[in-house]
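Take a look at the structure below.
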2 protein chains.
Amino acid sequence: MSQTQQERKAETRARLLAAAAGLFADQGIDAVSVDAVAESAGRTSGAVYAHFGSKQGLLLALLDSWKDSVLTVLLAEVAVTKSPRGQLAAVWENLADTTNDDSGRWSLLEHELWLRAARDPEVADVIRVRNAEARRFSARQLAGWTTASNARPAAEPEQLAVLVKALLTGLAMQRHLEPGAVTDALAVQGLAALLGLPGDVAPSKPSTTKPTIRSNHTDEEPHHEH
Amino acid sequence: MSQTQQERKAETRARLLAAAAGLFADQGIDAVSVDAVAESAGRTSGAVYAHFGSKQGLLLALLDSWKDSVLTVLLAEVAVTKSPRGQLAAVWENLADTTNDDSGRWSLLEHELWLRAARDPEVADVIRVRNAEARRFSARQLAGWTTASNARPAAEPEQLAVLVKALLTGLAMQRHLEPGAVTDALAVQGLAALLGLPGDVAPSKPSTTKPTIRSNHTDEEPHHEH
DNA sequence: GTCTATATCCCGATAGAC
DNA sequence: GTCTATCGGGATATAGAC
């Protein structure tokens with residue numbers, strides 16, 4: 001059955017965006033030509049310019065289509081686990097799983113966007129808005145965790161979210177460069193320190209929780225390479 | 001006094017490197033042409049290829065000329081202050097001072113190099129070695145701070161250095177995008193939480209800390225092969 | 001809206017004079 | 001070692017047919 005013109009137009013636009021997302025993440029934005037994006041989407045470069053006007057327009061449209069997804073989804077899907085430490089571990093492993101190359105591609109693209117934002121005000125505006133939304137969301141999440149357990153967070157939720165994201169981002173960067181230097185346990189430990197989770201900083205007053213630190217949950221063996 | 005040929009050669013090399021450093025930091029590596037580097041150094045592109053063979057060779061030579069400086073210098077120069085909190089504040093402010101645009105340029109170039117390292121093994125080797133050295137140095141520094149005060153760091157020195165650098169890097173990124181979102185006080189607070197400095201996380205009972213796990217330092221020579 | 005063809009520009013690298 | 005001139009390639013973006 002044939003499509004209407006509107007359907008084809010919409011599909012072309014969607015295909016171009018999807019192709020751009022994959023290629024940009026894999027090779028970097030500057031390294032990907034408009035022709036390459038179009039070819040990967042089964043179209044030609046003319047379609048790109050008809051839809052987005054320029055390569056920059058394509059990039060901005062791509063960012064706009066990411067308003068809600070990515071990090072928000074990540075935080076939402078781990079909301080099922082109960083213990084704060086388990087939550088932290090889940091967040092970190094989803095973010096920096098070296099076996100899953102998707103996360104590596106995303107973090108690479110995230111950093112390239114940050115770098116571009118530093119020199120391109122148009123991109124900066126979009127990224128800034130997205131960051132602020134994600135921060136508010138994770139602040140709510142963190143507030144819930146810290147009140148559930150009797151924690152002594154290093155700051156109030158909004159600022160705590162900044163600290164947590166900073167640590168996650170920096171750890172993911174170092175793991176990407178030297179996978180052996182950042183173990184899962186270290187990441188959880190650092191996050192727990194920021195949240196002030198009982199068990200590692202204040203063992204004096206364990207009202208209800210059990211302060212076992214290291215004998216508990218899944219401990220994957222960090223695989224070395226070579 | 002005229003120069004000898006060797007002197008002129010050395011000066012040309014130095015000028016090319018200096019020009020490349022400035023332009024790369026300002027505009028990004030890919031955005032700077034070889035001609036632009038040469039012109040900024042008062043030479044022509046032929047000089048670049050005579051000295052470095054390619055643009056990539058220029059980049060690697062530039063990285064090599066930065067073996068010791070940058071972060072090591074930064075950590076060393078703040079070693080005078082006494083209180084750990086003062087040290088933390090000094091490190092952070094030197095790293096992320098928004099009024100000083102040098103630090104902004106520096107961190108931008110630093111991130112671009114990280115991004116490039118993720119896709120270019122040659123660059124990755126250099127960055128990895130430099131990171132490892134800086135980590136060892138700051139680990140020693142941190143060990144001194146934490147033992148001087150009665151702190152409960154979140155991890156042993158080498159790993160603590162990873163956490164601290166991660167937090168600093170992530171905070172600097174967020175401050176670059178949203179300067180208002182990251183206050184100096186927040187940064188110091190987060191760092192203090194990682195170091196387990198008394199006064200903010202464990203006001204109750206700073207009892208005996210766990211014994212140092214690793215007191216000897218293995219001086220492994222970073223090997224690089226290609 | 002999409003394709004083909006092309007205009008225009010700029011980059012990295014090389015060749016050869018000096 | 002440095003400069004001038006240039007080649008070859010690939011990029012963004014446009015023009016016009018359909």
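The sequence lines fix the lettering, A, B, ..., with proteins before strands; numbering per chain opens at 1.
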Partners passing salt bridge (charged side-chain N to carboxylate O under 4.0 Å, His left out) against Arg119(A) (at least two apart in sequence or in another chain): Glu112(B)

For chain B, the stretch of DNA chain D it reaches, first to last nucleotide, under 4.0 Å of its heavy atoms: dG1(D) to dT4(D)

Residues within residues 13-39 of chain A bordering DNA chain D, heavy-atom distance below 4.0 Å: Val32(A), Ser33(A), Val34(A), Asp35(A)

Residue pairs fulfilling salt bridge (charged side-chain N to carboxylate O under 4.0 Å, His left out) with at least one residue in residues 28-42 of chain B, sequence neighbours excluded: Asp30(B)-Arg116(B)

For Asp120(A), all residues meeting salt bridge (charged side-chain N to carboxylate O under 4.0 Å, His left out), sequence neighbours excluded: none

Sorted by number, the residues of residues 43-58 of chain A with heavy-atom contact under 4.0 Å to DNA chain D: Tyr49(A), Ser54(A), Lys55(A)

Check residues 16-23 of chain B and write down every donor-acceptor pair under 3.5 Å in which the side-chain atom is one partner and the other belongs to a residue at least two apart or another chain.
none

Qualifying salt bridge (charged side-chain N to carboxylate O under 4.0 Å, His left out) pairs, either residue in residues 51-61 of chain B, two or more places apart: none

Test salt bridge (charged side-chain N to carboxylate O under 4.0 Å, His left out) applied to Glu11(A) - qualifying residues, sequence neighbours left out: Arg15(A)

Residues forming a salt bridge (charged side-chain N to carboxylate O under 4.0 Å, His left out) with Arg128(B), sequence neighbours excluded: Asp125(B)

Pairing residues for Ala161(A) by the side-chain contact (heavy atoms from CB on, under 4.5 Å) criterion, not counting sequence neighbours: Arg135(A), Ser138(A), Ala139(A), Leu142(A)

Whether His111(B) side chain and Ser107(B) backbone form a donor-acceptor pair below 3.5 Å: yes

Those residues that, when tested against Thr44(B), pass side-chain contact (heavy atoms from CB on, under 4.5 Å) (two or more places apart): none

